[in-house]
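Worksheet: the structure to be examined is printed underneath.
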Amino acid sequence: MRKGLLTFATVGLLATGSMAACGDNGGSSDQAGGSNDKKPKIGVILPDSKSSARWEGADRKFLEEAFKAANVDYDIQNAQGDKTQFQTIADQMITQGVTALMIVNLDSGTGKAVLDKAKSQGVATIDYDRLTLGGSAQYYVSFDNEAVGKLQGEGLSKCLTDKGAQKPVVAYLNGSPTDNNATLFKNGYDSVLKPKFDSGDYVKGPDQSVPDWDNAQAATIFEQMLTQTKGKIDGVLAANDGLGNAAISVLKKNKLNGKVPVTGQDATVQGLQNILAGDQCMTVYKAIKKEADAAADLAISLAKGEKKETGQTVKDPEGGRDVPSVLLTPQAIYKDNVKDVVNDGFVTKDELCTGAYAKLCADAGIS
């Protein structure tokens, strides 16, 4: 049964709370928000443009739209996977007077250093999409990432059942070991697949993390997996569409594409095209606009020295604190509901239905 499109997980989300304590005449402020004697300005640091098309193709666009609509100054930059550059950008933004800083960390160590420095300078902070373990961000905005992983595990199981697989060997291509989200995704799909391994219904195959979500490394790793198992891999739990496509590229070379179910995440154009072609089993759609809008709403308030209640928290397992949070609900996408992603405006028909995909789109009811 098709699930409805994404909804906010919290009732009464982002209800405006009390004004944060204002700074003294010298311009300092407490950690609840930026100083009221500074002009509101928001800095955003995106992680890279290589691990997923979403960062530049969706997040930047939706954040810019939200900031422009609110008529606030902003600066969005991309660290391109470079930890040193990440810290340099943060230093520049703080020096140039941002009153709120939103980051997607490259790893928790680098993220924590940036958040702590911002806090010491009276700059309000938000963890966007990835929680910085041990960090000091005032808010965390993301999706329910264990739920994402659970959808992936359920999706792979469904596709293996549809193919009539008996005792299938399942390989894992996990996300970056430095990304807390990758840990949460794995917790989710393990909750579905581990009982099947324990019962003997499935066989646990190679299980590796891909450094920095690097797709080229993922292809190399998966090629080694296929060699190691002498071609006996029956299903691939790939943590996002980029890693999934890396596995599919190797399967194509071995004439196994379409025969071995592969999962994904992010509902990228490439991932959706792979699903329409029958090379990818499913992806997980996360309505980035809703995530960006929720984060922008909080950032705009913080930049003005205000704070809002989210009605929800996430426990930081390293720092031990309950971080006020907004978590959104993901949706599983298969061939029969790819059109939901198009109807929601996340990708356009023109982007998706090019060349040979035009007929596949028509067959899938995308008009």
Are the side chain of S249 and the backbone N or O of A246 linked by a donor-acceptor pair below 3.5 Å? yes
D279 side-chain N/O to G271 backbone N/O, donor-acceptor pair under 3.5 Å: no
Gap between atom CD of Q77 and atom CZ of R60 - 0.5 Å precision: 8.0 Å
Any donor-acceptor pair under 3.5 Å from Q273 side chain to L352 backbone: yes
Atom CG in L160, atom CD in Q166: separation rounded to 0.5 Å? 10.5 Å
Using modelled atom types only, decide if a donor and an acceptor are shared between the side chain of N254 and the backbone of L256 within a distance under 3.5 Å. no
Is any side-chain heavy atom of Y202 closer than 4.5 Å to a side-chain heavy atom of L193? yes
Please report the C-alpha distance between R54 and E291 in whole Å, then the side-chain angles of each, then the deciding distance to 0.1 Å, and finally whether the salt bridge (Lys or Arg N to Asp or Glu O under 4.0 Å) criterion is met. CA-CA 12 Å; R54 64 166 286 188; E291 182 184 20; 2.9 Å; yes
Would you find a donor on one side and an acceptor on the other, under 3.5 Å apart, between the side chain of N240 and the backbone of L243? yes
Checking Q280 against D241 for the side chain to side chain donor-acceptor pair (under 3.5 Å) test, could you report, in this order, the C-alpha distance in whole Å, the side-chain angles of both residues, the deciding distance, and whether it holds? CA-CA 9 Å; Q280 185 167 321; D241 288 348; 3.0 Å; yes
Any side-chain donor near an acceptor of the partner, S51 and D48, under 3.5 Å: yes
Basic-acidic side-chain contact under 4.0 Å: E56, K50: no
Basic-acidic side-chain contact under 4.0 Å: D344, K290: no
Keeping the roles fixed (side chain from S157, backbone from G155), state whether a donor-acceptor pair exists under 3.5 Å. no
Hey, mind stepping through D201 and K167 against salt bridge (Lys or Arg N to Asp or Glu O under 4.0 Å) and telling me if it holds? CA-CA 5 Å; D201 291 340; K167 293 189 179 298; 5.4 Å; no
Okay, side chain of E351, backbone of T348: is any donor-acceptor separation there less than 3.5 Å? yes
Pair D59-K61, salt bridge (Lys or Arg N to Asp or Glu O under 4.0 Å): steps then yes or no: CA-CA 5 Å; D59 296 87; K61 175 180 70 172; over 6 Å; no
Rounded to the nearest 0.5 Å, the CZ atom of F67 sits from the CE atom of M102 at a distance of 4.5 Å
Main chain of A239, side chain of Q265: is a donor-acceptor contact present, judged purely on distance under 3.5 Å? yes
Over 12 non-hydrogen atoms of neighbours within 6.0 angstrom of CG in N71: no
I'd like to know if D75 pairs up with K41 as an ion pair, taking the criterion as any Lys NZ or Arg NE/NH1/NH2 lying under 4.0 Å from an Asp or Glu carboxylate oxygen. no
Looking at K339 and D336, would you say the former's side chain and the latter's main chain have a donor-acceptor pair under 3.5 Å? yes
Hydrogens and angles aside, do N245 and N215 bring a side-chain donor and acceptor to less than 3.5 Å of each other? no
Tell me which donor-acceptor pairs under 3.5 Å the side chains of residues 168-179 have, and how far apart each pair is, sequence neighbours excluded?
residue	atom	partner	partner atom	Å
Y172	OH	D190	OD1	2.8
N174	OD1	Y189	OH	2.4
N174	ND2	D207	OD1	2.6
N174	ND2	Q208	O	3.3
S176	OG	T178	N	3.3
S176	OG	T178	OG1	3.0
S176	OG	D212	N	3.3
T178	OG1	L106	O	3.4
D179	OD1	N181	N	2.8
D179	OD2	R130	NE	3.1
D179	OD2	W213	NE1	3.0

If Ile, Leu, Val, Met, Phe, Trp and Tyr residues are connected whenever their side-chain heavy atoms lie under 4.5 Å apart, and connections chain through other members, are F62 and V341 in the same group? yes
Do V203 and V192 sit in one hydrophobic cluster, given that two such residues count as connected whenever their side-chain heavy atoms are within less than 4.5 Å of each other, even indirectly? no
Between K117 and D91, is there a side-chain N and carboxylate O pair less than 4.0 Å apart? yes
Is the shortest distance from a Lys or Arg side-chain nitrogen in E223 or K253 to a carboxylate oxygen in the other one below 4.0 Å? yes
